[in-house]
Q: 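Before we start, here is the structure in question, set down as structure tokens.
Since the structure is predicted, the reported quantities are computational estimates derived from the model, not experimental observations. By convention in this document, chain letters (A, B, ...) are assigned in the order of the sequence lines, proteins followed by strands, and residues within each chain are numbered from 1.
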Amino acid sequence: MKIHEYQAKQIFARYGIPVPKGQPAFSVAEVGPIAERLIAETGNPVVVVKAQIHAGGRGKGGGVKVAKGGAAEATAIADKMLGMQLVTKQTGPAGQKVRRLYVEQGLDIARELYLAALIDRDTRRIAIIASTEGGMDIEQVAHDTPEKILTVSVDPVLGLAQFQVRQLAFALGITGKDSMKAFAKALDGIYKAFVAEDCSLLEINPLVVTKTGEVVALDAKVTFDDNADVRHKEWAELRDTDEEDPVELEAKKHGLSYVSLDGDIGCLVNGAGLAMATMDIILQHGGSPANFLDVGGGATKEQVTQAFRMILRSDKVKGIFVNIFGGIMRCDVVAAGVVAAAKELGLKVPLVVRLEGTNVDLGRKILDESGIAIQSASSMGDGAAKIVAATRKSA
Amino acid sequence: MSILVNKDTRVVFQGITGEYGSLHAKACLAYGTKIVAGVTPGRGGQKFEDKVPVFNTVAEAVKAEGADVSCIFVPPVGAADAICEAVDAGVKLVICITEGIPVLDMVKARRYIENKDVRLIGPNCPGVITPDECKIGIMPGAIHKKGPIGVLSRSGTLTYEAVGQLSALGIGQSTCIGLGGDPVAGMDFIDVLDLFNKDPETEAVIMIGEIGGNAEQRAAAWIKANMKKPVVGFIAGRAAPPGKRMGHAGAIIAGGKGTAAEKIAALEEAGVKVAPTPADMGTTLVAAWKR
């Protein structure tokens, strides 16, 4: 689960990670007074207006603007920014509507650095990644100049050790007793926040050193580990459903795993691996999948019906391929769900069903006796070929 | 022979009285698995299905019944602790079926088992089966058949798909192992390939990977340097978009890394025949194995 920059910075502040002064705004009218207050408090006439969307790359897309002309200019910027479709390299061509802004004090920046904490799958530990190339695309830096990136791996027993803090500080060129101390405090907060808040990614790009030697998180990106949501009731309030795909949200509510794709063949599969493989085989037969949908290991008839409903809601879907290898999942339960959904929703597109595994004969019987036009497939290859052929015909 | 589990394996089920745990314990018992004990804190002294003694702790179960493998069906928040409990009790293999364990819990559990004489499989996996001898996990036993092919996979149902294709061709399996779909897990491809390489009864191997991480690339390098038996591969997720988690917590293309194309290329470079579609895993194996 992702959260907004301003929410991440509020968490940072609780852990002693220095952040610029700022306040979120949900309407243009709020921006002027916030800007005035920031200017008065900091003595710096510069404020920054930042679009709050989950996708990265906001600056290049016009979602971060500096106002040097006080509250009036900040308001003018906000007027244009709030409600715009912000297109970045991460949003796709349609962009994301800006519904929230963050107004922040301007800083006199001396250097821009990169700092992140994440789960390193190779070492199976938390890694802290630092680079002097702040403000850049870190993947590009890793590719072009890997020597400019330092990664330290944290032993969960030891926690982030002092020697590692020194390694990171020297790698970032942070010198002087005060800067070093400020950096150590920030880093300590980053590690503690990562662990206590169950993050899977905590990224600060850039972490800046100001002209007066302060170390400040100028940006903040936090992703939580979804598996830990049971111990973080507070996440419900941080969630911004406007930033999430409504169909994916609904799927989650019903215990289904769903990802929307661009194609026109709906897929209903049990198991994540088989669901991916089903998309692959559709593609290889010249078709294009409309979704990834894993109904899980022990889905009920209601869940299968719900899954069907979600697939059919999209008018781009020209056909449906149900691919089930029943282990725990019983084929008769799937068949009953498919029949119930088809009757309830009125099936107007071709349907190909491949059933294998537990109670397969019973499942096939339910489908055969349903009176619904279903093409049955003997294997997943056969099923993919049939659904691609059927959708081509109807197109 | 086989790897990891066989007819003599003595299993303790952690979470045996839970809904999911009891359902699968029954299926494993029916398959012939020697489940010698169950553990549910607070239920010590009871019997499961009138025959399997239930204990409060794994330590008691191991001491009383000599269990050497633990299978975990404990809910996500307590599952990493359950792994550590099993390790502490001295079992040699821990198989964790539970899906949805917080990743930082797994980071700690992994640290705890470091340098100890124990293996971990999973979490978020279907388990391990040596056909006709021992089934520990949630896979449908009936699709398996005893034979010379080792199967290992990051996916559950895709493993069943591979096994189903092999059995339909009349080819049996030595042992089938689900490694699980989580980013931080126990044994990886290399650990299991090494065991298959040394197992005299395994003649060839099917390995099934998916997008996310680089375990398949590392396995490819290891295969090139060490593997003496034919390996056939499949990678799920050619059609997966970047940045989207595809069901499994670990199945995500992040920062342009971990794509199916990258993994397929690495495997092919190492001499692994990669099945062109998921429907061809069985036939690709036959071609590589009989050659």
Q: Pick whichever of M279(A), Q90(A), E356(A) has the most heavy-atom pairs under 4.5 Å with chain B.
A: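 Result: the option with the highest number of such pairs is M279(A).
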Q: Just grab all the salt bridge (Lys or Arg N to Asp or Glu O under 4.0 Å) pairs involving residues 322-332 of chain A, residues at least two apart or on different chains.
A: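 Qualifying pairs: R330(A)-D332(A).
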Q: For residues 24-33 of chain B, dump all side-chain donor-acceptor pairs below 3.5 Å to protein atoms at least two apart in sequence or in another chain.
A:
| residue | atom | partner | partner atom | Å |
| --- | --- | --- | --- | --- |
| Y31(B) | OH | D132(B) | N | 2.9 |
| T33(B) | OG1 | C28(B) | O | 3.2 |
| T33(B) | OG1 | K135(B) | N | 2.9 |
| T33(B) | OG1 | K135(B) | O | 2.7 |

Q: Between D122(A), I126(A), D137(A), which shows the greatest number of heavy-atom pairs under 4.5 Å with chain B?
A: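 Top count of heavy-atom pairs under 4.5 Å with chain B: D122(A).
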Q: Which one, P140(B), A279(B), P183(B), leads in non-hydrogen pairs under 4.5 Å with chain A?
A: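 The residue among P140(B), A279(B), P183(B) with the greatest pair count is P183(B).
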Q: Among E248(A), R354(A), H285(A), which has the most heavy-atom pairs under 4.5 Å with chain B?
A: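 Option with the greatest count: R354(A).
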Q: Report which part of I208(B) has an atom under 4.5 Å of a heavy atom belonging to chain A: side chain, backbone, both, or neither.
A: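 Neither part.
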Q: Tell me, out of D155(A), T358(A), I138(A), who's got the most heavy-atom pairs with chain B below 4.5 Å.
A: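 The option with the most such pairs is D155(A).
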Q: Taking only residues at least two apart or on different chains, which pairs with a member in residues 261-289 of chain A satisfy salt bridge (Lys or Arg N to Asp or Glu O under 4.0 Å)?
A: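 Found D264(A)-K318(A).
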Q: Ignoring hydrogens and geometry beyond distance, is a side-chain donor-acceptor pair present between T17(B) and S22(B) at under 3.5 Å?
A: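 S22(B) and T17(B) do not have a side-chain donor-acceptor pair below 3.5 Å.
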Q: What residue in S257(A), P156(A), G326(A) has the most heavy-atom pairs under 4.5 Å with chain B?
A: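 The candidate making the most pairs under 4.5 Å is P156(A).
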Q: With a 4.5 Å cut-off on side-chain heavy atoms, are D226(A) and R245(B) touching?
A: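 In short, these two side chains touch, coming nearer than 4.5 Å.
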Q: With a 4.5 angstrom heavy-atom cut-off, could you sort out which part of A275(A) is near chain B: side chain, backbone, both or neither?
A: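 Nothing of A275(A), per the 4.5 Å heavy-atom cut-off to chain B.
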Q: Taking atom types as modelled, find out whether T277(B) and D280(B) have a side-chain donor-acceptor pair closer than 3.5 angstrom.
A: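 Yes, because at least one side-chain N or O of T277(B) sits under 3.5 Å from a partner of the opposite role on D280(B).
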Q: Under 4.5 Å, counting heavy-atom pairs only, tell me which of V269(A), T123(A), D294(A), V157(A) racks up the most with chain B.
A: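 Counting heavy-atom pairs under 4.5 Å, the top option is V157(A).
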Q: Mind ranking A185(B), G141(B), P126(B) by heavy-atom pairs under 4.5 Å with chain A and telling me who comes out on top?
A: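 Of the candidates given, the most pairs with chain A belong to A185(B).
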Q: Restricting to non-hydrogen atoms, name the atom on T98(B) and the atom on V74(B) that form the minimum distance, rounded to 0.1 Å.
A: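 What the structure gives for the nearest pair is OG1-O, 2.6 Å.
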Q: Is there a side-chain hydrogen bond (donor to acceptor under 3.5 Å, both in side chains) between S167(B) and Q173(B)? Walk through the geometry before answering.
A: CA-CA 8 Å; S167(B) 295; Q173(B) 307 88 43; 3.1 Å; yes
Q: Indicate yes or no: at least one non-hydrogen side-chain atom of Y258(A) is less than 4.5 angstrom from one of K252(A).
A: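 Of all side-chain heavy-atom pairs linking K252(A) with Y258(A), none is under 4.5 Å.
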Q: Quick check: do V295(A) and M329(A) have side-chain heavy atoms less than 4.5 Å from each other?
A: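 Side-chain contact under 4.5 Å: yes.
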Q: Do the non-hydrogen side-chain atoms of Y160(B) and M139(B) ever get within less than 4.5 Å of each other?
A: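 Sidechains of M139(B) and Y160(B): in contact.
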Q: Give the interface residues of residues 193-203 of chain A toward chain B, defined by a heavy-atom separation under 4.5 Å.
A: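 Residues in range: F194(A), V195(A), D198(A), C199(A).
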